[in-house]
Each structure stands twice: as structure tokens, then as C-alpha cells.
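This report refers to the structure that appears directly beneath it.
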Amino acid sequence: MANFIGAKNIIDKKKKYIMPCLGHFYFEPPQFVRGEMQYLFDDKGNKYLDMYAGVSVINCGHCNPFITEKIIAQIKNLQHVCNIYLTENFVNLAERLAEVTPGKLQKSFFCSTGTEANEGALLLASIYKKNSEFIALQNGLHGRTKLTMSITGIGMWRTDPNPVGGIHFAPNPYCYRCPLGKTYPACDLECANKIETLIQTSTSGKPAALIAEPIQGNAGIVVPPKNYFKRVKEILDKYGALLIIDEVQTGFARTGKMFAIENFDVEPDIMSVAKALGNGQPISAFISTAEIADTYTRPGASTLGGNPVSSTAGLAVLDYIAENNLMQNAKERGAQLKNGLLALKEKYPIIGDVRGIGLMIGAEFVHADKSPAPQELDKVLEQLKDMGFIIGKGGVGRNVMAFQPPLVIIEKNVDDVLNALELVLSKNF
Ligand code: PLP
């Protein structure tokens with residue numbers, strides 16, 4: 001086996017050479033050295049089932065041979081020229097995105113990260129609407145740049161002491177802990193209705209756009225009621241504001257549909273995508289209708305955006321999803337996993353809520369009084385890691401177990417993770 005420096009040395013170097021804002025999971029983290037579809041391997045040869053996919057990135061599996069072969073062929077041929085020159089992969093990928101995205105979304109701008117895609121989506125909305133007021137949802141997460149951080153509604157990710165103005169936050173559709181203290185459906189979607197009050201009282205009356213994740217990822221997999229986005233869109237249409245949907249974490253078959261917003265029967269005006277589009281290659285995009293896109297005429301280029309290698313990955317990802325029926329697998333394995341978690345919730349009250357669509361499922365850990373139980377969750381995650389299962393974590397209280405595995409997982413993988421979780425829960429609670 002190759003010589004690896006090991007987890008302790010990585011942590012030492014990290015302390016010395018990496019900015020301390022970058023944390024890491026686990027009290028005793030492994031050093032990952034290899035990936036193979038839904039599995040990861042550490043420096044000691046231990047095998048793990050990856051149930052987090054690098055935060056919804058590796059939808060097609062680690063080092064997927066079909067995608068890797070195409071990347072290798074491209075990298076040997078032409079790696080980079082910048083998108084101010086003509087190459088064909090990025091226009092072919094844009095054409096494919098126009099085909100697979102909802103409604104009239106047609107024209108793309110390629111960049112490298114989710115943050116950049118959202119920054120661009122917000123810029124495009126400002127250009128089209130000639131207004132830079134935005135509405136965002138509490139507990140949403142959209143990125144690290146000044147504007148995308150300012151539009152992020154989770155305190156722990158808002159490190160900028162001087163955020164951008166003109167941004168207003170609406171209550172998020174978090175039914176388990178309704179920020180308005182209501183119960184669905186008796187609430188009549190008051191969280192959505194509040195957006196109208198916000199527009200009337202806190203903006204010029206014509207904000208450029210509302211940005212939202214269709215399912216809030218970092219917030220702890222918060223799934224809105226079915227008719228939430230329809231109501232939101234009606235309100236936005238009334239005031240001429242655009243709907244920007246951030247599919248960075250939810251896109252590319254994860255929820256059993258190509259994009260999560262399709263579960264809510266609403267067509268966004270602008271959509272941002274990243275993460276799973278490249279299956280590990282850095283590529284992102286924002287895409288809009290031709291009418292909106294055609295107002296972005298002043299020069300705009302991204303050195304690495306849509307580079308031949310990352311666009312090759314994007315094309316291969318779209319082919320792999322279609323040819324291997326990943327949407328169907330996300331639905332079936334998602335249902336299996338959710339049913340198993342719901343059964344565990346009945347047995348172990350430490351699990352207060354189970355929610356999600358397809359293979360994006362959260363299990364919220366709570367104390368008897370419903371207060372968040374992050375330490376208990378950390379203990380469970382650590383023990384599962386030691387048993388060979390990598391599971392994510394989110395939630396404003398850092399108390400939501402996040403299942404966002406590669407979409408290639410099989411029935412036995414789900415059985416195995418449920419059995420392991422049951423064993424850990426029975427030992428600890
Ligand atoms: N939007 C959402 C919904 C995300 O989950 C993230 C990152 O996790 C981002 C945007 C930022 O993406 P990136 O880290 O690629 O800049």
C-alpha cells in the first residue's frame with residue numbers, strides 16, 4: 001500500500017497552513033485515500049459506505065469509470081484554453097442543460113462553484129430588473145462571497161461583519177419548528193404569505209428576486225409543503241420579482257426528479273447548479289430564460305468556467321444519470337431509507353423528525369423537550385464512522401443527520417446502514 005501521511009499529520013499541517021475557518025467532521029477523522037462508486041477507503045485499508053457523497057456532489061459514485069474515462073480522454077487531448085476561445089463541450093453541455101432543466105430555462109453561464117453560480121444568478125436578476133433588492137429565506141445557505149453570504153440566513157455562515165444591504169429574510173417553511181409557531185395546513189402557508197408583507201413594508205415594492213433552495217440543505221434538509229413554492233411564485237409574479245432557485249445541493253436526480261423544484265410544480269426564472277453537475281470536477285452554472293439572459297450583454301467571462309474537462313464531466317454525468325436510471329433509484333432507495341428511519345423514530349425518541357425527498361433525507365436529533373441534541377448526534381455519527389458508515393450533518397442546531405448518498409447505492413447498502421444505526425441507537429439511548 002502507498003505511504004500516506006495519516007490523519008494526525010494532516011491535522012497538524014492543517015493547523016499550521018490552512019486558515020482556521022475550515023473545520024472537519026469527527027473527533028477521530030480518517031484519511032480518505034480512495035473512492036469506488038458508493039464506497040470510500042482510508043489509509044489503513046478500512047472500507048466505508050459513503051452516505052453523504054461529499055455533500056451531494058458524487059451523485060454518480062466515486063471515480064465512476066464511465067465518467068472518469070471520458071475525463072481522462074479529454075485531459076489528454078485539450079485541458080484548457082479559456083471560454084473566450086471556441087471549444088465545443090461547453091455549448092453542448094449548455095444545450096443539454098436547456099433540455100433537462102424545467103420550463104423555458106435556456107441560456108447558461110458556466111463558472112466553477114455554487115457560490116459563483118449564485119452570485120451570477122443574483123447579478124443577472126439585478127441587470128434584468130434594474131434593482132438590487134433581494135428576498136431570501138431564513139436558514140438558507142447560498143455561498144461564501146460577500147453577496148452570497150449576505151443572502152445566507154444561517155448565523156454560523158455569516159462571518160462577514162459588514163454584509164450587503166437591501167436583503168430581506170422571510171420565514172422558512174420549516175414545519176417541524178415553524179418559525180411562526182403555526183401548524184400546516186391550518187397555517188394557510190403564512191410563511192409564504194409573509195413574503196408579500198415583506199415586499200410591501202421592507203422593499204421599494206419591486207425587489208429583483210427571491211432566492212431559495214427548493215429543499216434547504218445546510219438548514220437540516222427542510223422540505224417545504226407541496227404548495228409552498230406555488231404560493232411564493234404567485235406573490236412574486238404580482239410584484240414582478242423573479243424566482244431564483246438554488247439547486248446546488250438538490251440537483252441532478254437526487255430527489256427522484258432531475259431538479260428538486262420539479263417536485264413543487266413551479267418553473268424558476270433563474271436556476272443555479274453546481275456540485276453534482278461535475279461529480280467532483282469543479283463546474284457550476286446559472287441558467288435562465290432567453291429573455292432574462294439576453295439582458296446580460298456587457299462583457300462577462302470566467303477563466304475556468306465551462307473548461308473542456310469539466311464540461312466533459314458534466315456531459316458524462318447527464319448521460320450516466322439517464323442511462324442508469326438514477327432518478328428511479330433515488331426514488332426507490334429513498335423510500336426504503338425513509339421508511340426505515342421512520343420506523344426507528346417510533347422506537348427511539350431521540351429522533352424527533354424524519355423528512356426528505358428521494359435520497360435527500362434528514363433525521364433530526366432532539367431531547368425530550370424537543371431541544372436540539374447535537375452532542376448525541378455527534379456520538380452516533382462517530383460510532384457509525386467506526387463501523388464503516390459516513391453520514392452527514394446539518395441543521396442550524398447541528399442536530400440533523402443528513403443522508404445524501406451517491407445515487408448508485410443498492411438495497412443492501414440501505415439495509416446495512418439502517419441496521420448499523422439501530423445498533424448504535426440501541427446501545428446509546
Ligand atoms: N448553495 C447551496 C444550496 C449549497 O449547499 C452550497 C454549498 O454547500 C453553496 C450554494 C455554495 O457552493 P460552493 O461551496 O460550491 O461554493
Side-chain angles (χ1 to χ4, degrees), residues 19 21-25 52-59 109-125 134 136-154 156-160 167 169 172-174 209-224 229 243-252 254-255 259-261 263-264 268 270-287 302 304-307 310 313-314 317 356-362 392-396 398 400 402-404:
M19 302 217 180
C21 59
L22 181 68
H24 57 255
F25 273 18
Y52 203 31
V55 197
S56 272
V57 170
I58 307 292
N59 285 15
F109 182 103
F110 287 108
C111 28
S112 304
T113 65
T115 297
E116 237 187 307
N118 282 329
E119 183 85 31
L122 295 163
L123 171 71
L124 178 61
F134 294 107
L137 301 188
Q138 288 170 354
N139 296 7
L141 181 141
H142 302 290
R144 257 168 304 96
T145 51
K146 194 163 185 86
L147 179 55
T148 57
M149 185 181 282
S150 302
I151 214 134
T152 287
I154 303 179
M156 75 173 269
W157 298 114
R158 290 175 62 87
T159 29
D160 185 341
I167 292 166
F169 287 93
N172 61 333
Y174 185 6
L210 175 141
I211 185 167
E213 298 158 82
I215 297 173
Q216 292 186 313
N218 201 272
I221 313 204
V222 171
V223 185
F229 277 109
L243 176 64
I244 303 174
I245 288 294
D246 175 345
E247 289 270 2
V248 168
Q249 201 169 132
T250 46
F252 301 102
R254 174 145 304 280
T255 62
F259 295 99
I261 193 63
N263 294 291
F264 300 94
I270 306 177
M271 201 165 94
S272 53
V273 293
K275 293 193 192 270
L277 173 58
N279 205 54
Q281 288 295 308
I283 181 162
S284 66
F286 56 98
I287 179 166
S302 159
L304 293 174
N307 123 341
S310 43
V317 162
I357 306 181
L359 279 172
M360 183 161 183
I361 304 177
K393 177 172 75 169
V396 174
R398 311 314 288 161
V400 181
F403 295 87
Q404 295 161 257

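Keep in mind that this is a model prediction, so the values were computed, not measured. Numbers here simply count residues along the sequence, with the first being 1. Atoms within a ligand are numbered from 1 in the order they appear, just like the ligands themselves.
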For [atom], what's the nearest protein heavy atom and its distance?
{"atom": "atom 5 (O) of ligand 1", "answer": "Gln249 NE2, 2.6 Å"}
{"atom": "atom 8 (O) of ligand 1", "answer": "Lys275 NZ, 2.9 Å"}
{"atom": "atom 6 (C) of ligand 1", "answer": "Leu141 CD2, 3.5 Å"}
{"atom": "atom 13 (P) of ligand 1", "answer": "Gly114 N, 3.5 Å"}
{"atom": "atom 1 (N) of ligand 1", "answer": "Asp246 OD2, 2.8 Å"}

Taking the side chain from [X] and the backbone from [Y], do they hold a donor-acceptor pair closer than 3.5 Å?
{"X": "Arg254", "Y": "Gly251", "result": "no"}
{"X": "Asp160", "Y": "Lys146", "result": "no"}
{"X": "Gln249", "Y": "Val55", "result": "no"}
{"X": "Asn307", "Y": "Leu304", "result": "no"}
{"X": "Arg144", "Y": "Thr115", "result": "no"}

Sub-4.0 Å atoms of ligand 1 with respect to non-hydrogen atoms of [X]:
{"X": "Glu213", "value": "3 (C)"}
{"X": "Asn118", "value": "1 (N), 10 (C)"}
{"X": "Thr113", "value": "15 (O), 16 (O)"}

*Could you check whether the rings of Tyr52 and Phe25 sit parallel, tilted or perpendicular, using 30° and 60° as the cut-offs?*
parallel
Ligand 1 and [X], any nitrogen or oxygen pair closer than 3.5 angstrom?
{"X": "Val55", "result": "no"}
{"X": "Thr115", "result": "yes"}
{"X": "Arg144", "result": "yes"}

*What do we get for His142 next to ligand 1 when only non-hydrogen atoms under 4.0 Å count, side chain, backbone, both or neither?*
backbone
*Does at least one non-hydrogen atom of Asn218 fall below 4.0 angstrom from an atom of ligand 1?*
no
*Applying a strict 4.0 Å limit to heavy atoms, is Glu116 in contact with ligand 1?*
no
*Between Phe252 and Phe259, does the ring centroid distance fall short of 6.0 Å?*
yes
*asked:* Taking the side chain as everything from C-beta on, heavy atoms only, tell me whether Phe134 gets closer than 4.5 Å to Leu122.
replied: yes
*For the residue pair Phe229 and Ile245, what are the closest heavy atoms and their distance?*
CE2-CD1, 3.9 Å
